[in-house]
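The structure appears below as structure tokens.
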Amino acid sequence: MSLFFVAVAAWLYLRGIGRISRFSGWVPVWRQALFLAGLACILIATNAPLAPLGHKLFSVHQAEHLLLRLAGPLLISASQPWRLLLAGLTRRWRRHLRAFGNNAILRFMAHPVSATALIVAALFVWQVPPLYDLAQRIAALEMLAHLSMVLAGLWYFAMLLDTRDPPEGARRGARLMSAITVIVSNIFLGSLTTLKEVRLYDLQPTLQTGSTLGSLTDETIGGYVIWVPSSMILIAAIILVMNGWNAAEVRRWNNRYALMRGSNSAVLEFPETAEELRLKVDKPNRDMGRTLALGAFAMFSIVMITVVTIVYAL
């Protein structure tokens, strides 16, 4: 089933490239490579050999979730494929999607808080042991879990890496705090799963590959996958957000400079001395510093709280 959806997405993308290139020039190769790499992550996670192995090992299944929820959607969203995918559709479907995009509920779901809640829920809901075990036994439920992870990831990273400035796009500071929140959620669940001393999931305890992997060790490795590699992917996303923030500042600066050349009143908005420049950037830089400090404190606190909880409560 995943092969069908990936094939349709690739077809729409290539069709959109063909249409757009007639008017706007060729799409950069690196963007195409990112999009195809994201689709490859989804295929790898949902097909052999990873998918059958994921039914036996919790750690491998968490690697699947990492590809579906984070790596694949991040690569796809970083390629900025939305205009190309839209161009690949028929005119009727494009009209319907544009009308759907003006829906108030959709705009609410595009808010950083809503998008963050969706991707965090996609992590926590499907890690609840009874639901996790049930999804391993019912193919339709497992497909639903994987689909929800991919859609939540795409929705989240589309918001996070949106090239538009506010009010069309989310505020840059809100995006940064959103990414930090997702990292904290990964750290919390990952460290809890890694450091616990009891078995939670009803998977096959061993895999016959020449060595035996205990179920608790398997879950510990899976917790580490949730904790460290997932957080590293989010750190890469934060770097992209910061890069986009810088590009937006450069773009606004260039627009002001172009405006200054055509308007005397715009000169007042253009700093001429180092002190004027400092006053212009002082508040944004201070806000960014506070955001980063708050994020670092939140990460440290959640790890310490998790460790204390495991040591004294379990």
Side-chain angles (χ1 to χ4, degrees), residues 1-2 5 42 44-73 109 114-156 181-208 212-231 233-234 302-303 305-314:
M1 183 62 72
S2 63
F5 288 114
I42 296 173
I44 292 171
T46 53
N47 292 280
L50 205 61
L53 203 56
H55 285 278
K56 300 177 181 179
L57 289 176
F58 178 82
S59 54
V60 175
H61 202 80
Q62 294 314 306
E64 289 183 64
H65 289 185
L66 183 147
L67 292 172
L68 292 170
R69 190 175 63 95
L70 297 176
M109 297 303 295
S114 303
T116 304
L118 281 176
I119 196 169
V120 171
L123 170 65
F124 278 82
V125 168
W126 297 110
Q127 295 299 333
V128 175
L131 192 58
Y132 180 95
D133 295 337
L134 193 62
Q136 297 302 296
R137 295 179 173 88
I138 303 176
L141 187 59
E142 182 182 37
M143 186 183 303
L144 176 62
H146 291 172
L147 181 61
S148 66
M149 290 178 190
V150 172
L151 292 179
L154 288 173
W155 189 260
Y156 175 75
T181 300
V182 178
I183 290 179
V184 168
S185 69
N186 287 338
I187 291 174
F188 174 71
L189 184 59
S191 58
L192 185 64
T193 308
T194 301
L195 300 175
K196 66 180 177 55
E197 298 180 355
V198 294
R199 179 183 169 198
L200 294 178
Y201 299 96
D202 186 22
L203 290 179
Q204 180 174 321
T206 61
L207 180 66
Q208 303 302 325
T212 301
L213 183 64
S215 57
L216 184 58
T217 302
D218 178 37
E219 291 185 16
T220 298
I221 297 173
Y224 181 83
V225 172
I226 299 172
W227 185 352
V228 180
S230 297
S231 298
I233 290 176
L234 265 300
I302 201 70
V303 170
I305 291 172
T306 304
V307 171
V308 170
T309 301
I310 291 173
V311 171
Y312 293 101
L314 297 182

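Bear in mind the structure is a predicted one, so any value in this text is a computation, not a measurement.
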How close do [X] and [Y] get, heavy atom to heavy atom, and via which atoms?
{"X": "Leu200", "Y": "Pro129", "result": "O-CB, 3.6 Å"}
{"X": "Pro229", "Y": "Leu66", "result": "CB-CD1, 3.6 Å"}
{"X": "Asp218", "Y": "Ser59", "result": "OD1-OG, 2.7 Å"}
{"X": "Gly153", "Y": "Pro73", "result": "C-CB, 3.4 Å"}
{"X": "Ser2", "Y": "Thr46", "result": "OG-OG1, 2.8 Å"}
{"X": "Ala63", "Y": "Val225", "result": "N-CG1, 4.0 Å"}

In Å, rounded to the nearest 0.5 Å, how long is the span from [atom1] of [X] to [atom2] of [Y]?
{"X": "Ser231", "Y": "Leu70", "atom1": "OG", "atom2": "CG", "value": "9.0 Å"}
{"X": "Leu141", "Y": "Gln136", "atom1": "CG", "atom2": "CD", "value": "9.5 Å"}
{"X": "Glu219", "Y": "Arg199", "atom1": "CD", "atom2": "CZ", "value": "6.5 Å"}
{"X": "Arg69", "Y": "Ser230", "atom1": "CZ", "atom2": "OG", "value": "5.5 Å"}
{"X": "Thr193", "Y": "Tyr224", "atom1": "OG1", "atom2": "OH", "value": "14.5 Å"}
{"X": "Trp227", "Y": "Asn186", "atom1": "CH2", "atom2": "CG", "value": "12.0 Å"}

Using only atom types and a distance under 3.5 Å, with no angle test, would you say the side chain of [X] pairs donor to acceptor with the backbone of [Y]?
{"X": "Thr194", "Y": "Ser191", "result": "no"}
{"X": "Tyr201", "Y": "Gln127", "result": "yes"}
{"X": "Trp155", "Y": "Met109", "result": "yes"}

When you compare the side chain of [Y] with that of [X], does any pair of heavy atoms fall below 4.5 Å?
{"X": "Tyr156", "Y": "Leu118", "result": "no"}
{"X": "Leu53", "Y": "Glu64", "result": "no"}
{"X": "Gln62", "Y": "His65", "result": "yes"}

- [ ] Hey, can you tell me if Phe58 and Tyr132 have their rings parallel, tilted or perpendicular (30° and 60° cut-offs)?
- [x]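 Judged by the thresholds at 30° and 60°, the geometry between Phe58 and Tyr132 is tilted.
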- [ ] Kindly indicate, with the supporting measurements, whether the criterion side chain to side chain contact (heavy atoms under 4.5 Å, CB included) is fulfilled by Ile42 and Leu67.
- [x] CA-CA 6 Å; Ile42 296 173; Leu67 292 172; over 6 Å; no
